[in-house]
Amino acid sequence: MNTSLSLALILAVVWGIVWAMALQFTSWGRWLAIRRTWITVVVGVAGVGLIALLVIDFQSWLEFVAIMAASSLGVIIRSLINEFREEA
């Protein structure tokens, strides 16, 4: 296993644990997890996306991010519509 992949895997484990703990043990994290779950997913995936830069060339990374963003639009729009309905 190469050094970049090893570092990326370690960072991914640390990121996952830190993000899970923030969501579990802070008031804002619990609020996000309950009321704005889609935001927690976006932040989690964004962290992994940044870590992926260690093992993916930048052009491929940009293409991957574009694909992920495009596939997320439907869920994000649905969530925003539902949130506005709940608050109205």
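Keep in mind the model is a prediction, meaning the values are calculated, not measured.
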Undergrad: Decide whether V42 and I34 are clustered together by the hydrophobic rule: side chain heavy atoms of Ile, Leu, Val, Met, Phe, Trp, Tyr closer than 4.5 Å, transitively.
TA: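 No.
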Undergrad: Are the side chains of V45 and V48 in contact, using a 4.5 Å heavy-atom criterion?
TA: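 The answer is no; the side chains never approach within 4.5 Å.
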Undergrad: Determine, using the 4.5 Å side-chain heavy-atom cutoff (strictly less than), whether L50 and L5 are members of one ILVMFWY cluster.
TA: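 Both belong to a single hydrophobic cluster.
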Undergrad: Looking only at heavy atoms, what is the nearest atom pair of G44 and W15, with distance?
TA: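 Reported closest heavy-atom pair: O-NE1, 3.1 Å.
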Undergrad: Please walk me through it: do R78 and I81 pass side-chain contact (heavy atoms from CB on, under 4.5 Å)?
TA: CA-CA 5 Å; R78 175 205 165 273; I81 289 169; 5.9 Å; no
Undergrad: Count I, L, V, M, F, W, Y as connected when their side-chain heavy atoms are under 4.5 Å apart, and connections chain through other members. Are V75 and I77 then in the same cluster?
TA: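 The answer is no; the residues belong to distinct hydrophobic clusters.
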Undergrad: When rounded to the nearest 0.5 angstrom, what is the spacing between CZ in F58 and CD in E63?
TA: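 Answer rounded to 0.5 Å: 11.0 Å.
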Undergrad: Answer whether the closest heavy-atom distance between the side chains of V43 and I39 falls below 4.5 Å.
TA: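 Of all side-chain heavy-atom pairs linking I39 with V43, at least one is under 4.5 Å.
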Undergrad: Treat each ILVMFWY residue as a node, draw an edge where side-chain heavy atoms are under 4.5 Å apart, and state whether L62 and V55 are in one component.
TA: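 Shared cluster, yes.
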Undergrad: Can you check whether T40's main-chain N or O pairs, donor with acceptor, with W19's side chain at less than 3.5 Å?
TA: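 Between the backbone of T40 and the side chain of W19 there is a qualifying donor-acceptor contact (under 3.5 Å).
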Undergrad: Check the hydrophobic clustering (I, L, V, M, F, W, Y; side-chain heavy atoms under 4.5 Å; chains of links allowed) and say if L73 and V65 are grouped together.
TA: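 Each belongs to a different hydrophobic cluster.
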Undergrad: Are any side-chain N or O atoms of W31 and backbone N or O atoms of R36, one a donor and one an acceptor, separated by less than 3.5 Å?
TA: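 Answer holds: no.
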Undergrad: Working to the nearest 0.5 angstrom, can you tell me the gap between I76 CD1 and E83 CD?
TA: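 Atom-to-atom, I76:CD1 and E83:CD are 10.5 Å apart.
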Undergrad: Backbone N or O of L54 within a donor-acceptor pair of the W61 side chain at under 3.5 Å?
TA: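 The answer is no, because no donor-acceptor pair under 3.5 Å joins these two groups.
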Undergrad: Which atom pair, heavy atoms only, marks the closest approach of S60 to D57?
TA: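 Of all heavy-atom pairs spanning S60 and D57, the closest is OG-OD1, 2.9 Å.
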